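Okay, structure first, notes after.
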Amino acid sequence: MEKKLSSVLLIDDDRETNFFHKIILKKCGVTENVLTALNGEEGLSLLKTKIEKGELLPELLFLDINMPGMNGWEFLEEYAKLDDAAKTNVAIVMLSASINPDDERRALSNKHVRKFCQKNLSDEAVFEIIDECLT
């Protein structure tokens with residue numbers, strides 16, 4: 001990969017999954033800066049803080065569906081309310097253990113979601129996501 005991303009945000013309530021995905025992303029050379037949030041509320045708060053400070057948002061955001069507090073669907077509803085200019089270069093990928101085809105359809109019908117993938121990330125999946133969603 002020629003250009004590294006400034007940052008990637010993982011929103012998943014499972015700490016081990018976040019840890020594993022962080023290792024995969026760094027191993028692939030995608031970014032050195034992987035941020036994590038344990039639910040949608042935490043992820044949204046992180047994004048709002050970056051917007052308030054005038055900082056760039058992560059170019060890639062991996063979002064789980066089923067989380068306590070604010071789940072992935074609720075996150076997307078609130079994310080839609082954020083400043084559009086700040087979200088210009090952000091690609092959201094739903095990363096879920098759900099095998100329900102309705103979840104995939106619902107995710108892909110959201111204008112902010114670029115791709116729906118099954119957990120867990122692999123090197124190949126990361127490069128495919130980068131190629132499809134960020135080039």
Side-chain angles (χ1 to χ4, degrees):
M1 174 171 194
E2 292 179 22
K3 177 186 171 261
K4 283 192 178 191
L5 305 177
S6 64
S7 64
V8 173
L9 173 58
L10 302 168
I11 303 177
D12 194 311
D13 62 310
D14 186 60
R15 291 178 192 276
E16 290 79 17
T17 297
N18 283 337
F19 179 76
F20 174 74
H21 288 158
K22 193 174 196 175
I23 289 171
I24 294 291
L25 290 164
K26 287 188 177 185
K27 179 180 161 222
C28 290
V30 172
T31 186
E32 291 300 317
N33 190 15
V34 180
L35 309 168
T36 59
L38 295 173
N39 58 49
E41 206 168 71
E42 220 178 273
L44 196 65
S45 176
L46 189 147
L47 296 177
K48 285 179 178 179
T49 299
K50 285 191 162 294
I51 291 170
E52 288 168 9
K53 290 181 176 180
E55 297 175 1
L56 291 175
L57 297 184
E59 293 102 321
L60 185 57
L61 193 158
F62 288 101
L63 178 63
D64 188 20
I65 294 174
N66 297 312
M67 296 178 283
M70 181 185 285
N71 67 31
W73 305 124
E74 294 163 332
F75 172 88
L76 289 171
E77 287 175 26
E78 294 303 312
Y79 177 84
K81 298 174 187 175
L82 296 178
D83 179 49
D84 285 335
K87 300 182 294 190
T88 304
N89 296 318
V90 179
I92 296 178
V93 175
M94 296 294 282
L95 189 60
S96 179
S98 172
I99 57 171
N100 183 342
D102 291 336
D103 284 340
E104 183 171 0
R105 275 192 288 279
R106 182 176 176 189
L108 295 175
S109 72
N110 185 296
K111 72 177 187 174
H112 299 290
V113 177
R114 302 263 181 94
K115 191 166 177 65
F116 183 95
C117 296
Q118 294 292 316
K119 287 182 185 178
N120 281 319
L121 282 176
S122 65
D123 296 13
E124 292 157 352
V126 168
F127 291 124
E128 182 180 305
I129 288 164
I130 298 292
D131 189 47
E132 287 180 24
C133 300
L134 296 171
T135 55

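Bear in mind that the values here come from a model prediction, so they are computed numbers and not experimental data.
- At most 12 heavy atoms of other shown residues, nucleotides or ligands fall within 6.0 angstrom of atom NZ in Lys48.
- The nearest pair of heavy atoms linking Met94 to Trp73 is CE-CZ3, 3.9 Å.
- A donor-acceptor contact shorter than 3.5 Å is absent between the side chain of Glu128 and the backbone of Glu124.
- To the nearest 0.5 Å, atoms CD (Glu55) and CG (Leu46) are separated by 9.0 Å.
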*Please step through side chain to side chain contact (heavy atoms under 4.5 Å, CB included) for the pair Phe62 and Ile129, ending with a clear verdict.*
CA-CA 10 Å; Phe62 288 101; Ile129 288 164; 3.6 Å; yes
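- Counting heavy atoms of neighbouring residues, nucleotides and ligands inside a 6.0 Å radius, atom CD1 of Ile23 exceeds 12 of them.
- Linking ILVMFWY residues whenever their side-chain heavy atoms come closer than 4.5 Å, directly or via other members, leaves Leu57 and Leu5 in distinct clusters.
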*Dump the intermediate steps for side chain to side chain contact (heavy atoms under 4.5 Å, CB included) on Leu61 and Val8, then the final yes or no.*
CA-CA 6 Å; Leu61 193 158; Val8 173; over 6 Å; no
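- No side-chain heavy atom of Leu9 sits under 4.5 Å from any side-chain heavy atom of Leu60.
- With hydrogens and angles ignored, the 3.5 Å screen pairs a side-chain donor or acceptor of Lys87 with a backbone N or O of Tyr79.
- Looking only at atom types and distance, the side chain of Ser98 has a donor-acceptor partner in the side chain of Asp103 under 3.5 Å away.
- Applying the salt bridge (Lys or Arg N to Asp or Glu O under 4.0 Å) criterion to Lys119, with sequence neighbours excluded, gives Asp12, Asp64.
- In summary, Glu132 and Arg114 do not engage in a salt bridge, as defined by a charged side-chain N under 4.0 Å from a carboxylate O.
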*Check the pair Phe116, Asn110 against side chain to side chain contact (heavy atoms under 4.5 Å, CB included), reporting the backbone distance first and the verdict last.*
CA-CA 11 Å; Phe116 183 95; Asn110 185 296; over 6 Å; no
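- Scanning both residues, Leu47 and Pro58, for their nearest heavy atoms gives CD2-CD, 3.7 Å.
- Nearest heavy atoms, Asn18 versus Ala37: ND2-O, 3.8 Å.
- Summarising the geometry, atom CD1 belonging to Ile92 is positioned 11.0 Å from atom NZ belonging to Lys111; distances are rounded to the nearest 0.5 Å.
- Partners of Arg105 under the salt bridge (Lys or Arg N to Asp or Glu O under 4.0 Å) rule, at least two apart in sequence or in another chain, are Asp102.
- Atom CG of residue Leu121 and atom CZ of residue Phe20 lie 7.5 Å apart, to the nearest 0.5 angstrom.
- Criterion: ILVMFWY side-chain heavy atoms under 4.5 Å apart, direct or through other members. Under it, Ile130 and Val90 are not part of a common hydrophobic cluster.
- Only one option out of Leu63, Val34, Leu35, Leu95 pairs with Leu10 in a side-chain contact (heavy atoms from CB on, under 4.5 Å); it is Val34.
- Shown here for Asn39 and Ile11, the closest heavy-atom pair between the two residues is O-CG2, 3.4 Å.
- Listed for the Lys4 side chain is no donor-acceptor partner under 3.5 Å among the backbone atoms of Asn33.
- Side-chain contact between Met67 and Leu38 is absent, with no heavy atoms from C-beta onward closer than 4.5 Å.
- Between the Glu74 side chain and the Asn71 main chain, a donor and an acceptor come within less than 3.5 Å of each other.
- Residue Val93 comes nearest to Cys133 through the heavy atom pair CG2-SG, 4.3 Å, listed as atom of the first residue, atom of the second, then distance.
- In this structure, OG on Ser45 lies 12.0 Å from NZ on Lys50, to the nearest 0.5 angstrom.
- With a 6.0 Å radius and a threshold of 12 heavy atoms from other residues, nucleotides or ligands, Glu41 has its CD atom at or below the threshold.
- By the neighbour-count criterion of 12 heavy atoms within 6.0 Å, atom CG of Asn89 is sparsely surrounded, having that number or fewer from other residues, nucleotides or ligands.
- Atom-to-atom distance recorded for Asn120:CG and His21:NE2 is 4.0 Å, nearest 0.5 angstrom.
- Rounded to the nearest 0.5 angstrom, Glu32 CD and Leu25 CG are separated by 10.5 Å.
- Residues Ser7 and Glu59 bring no donor and acceptor atom of their side chains to less than 3.5 Å of each other.
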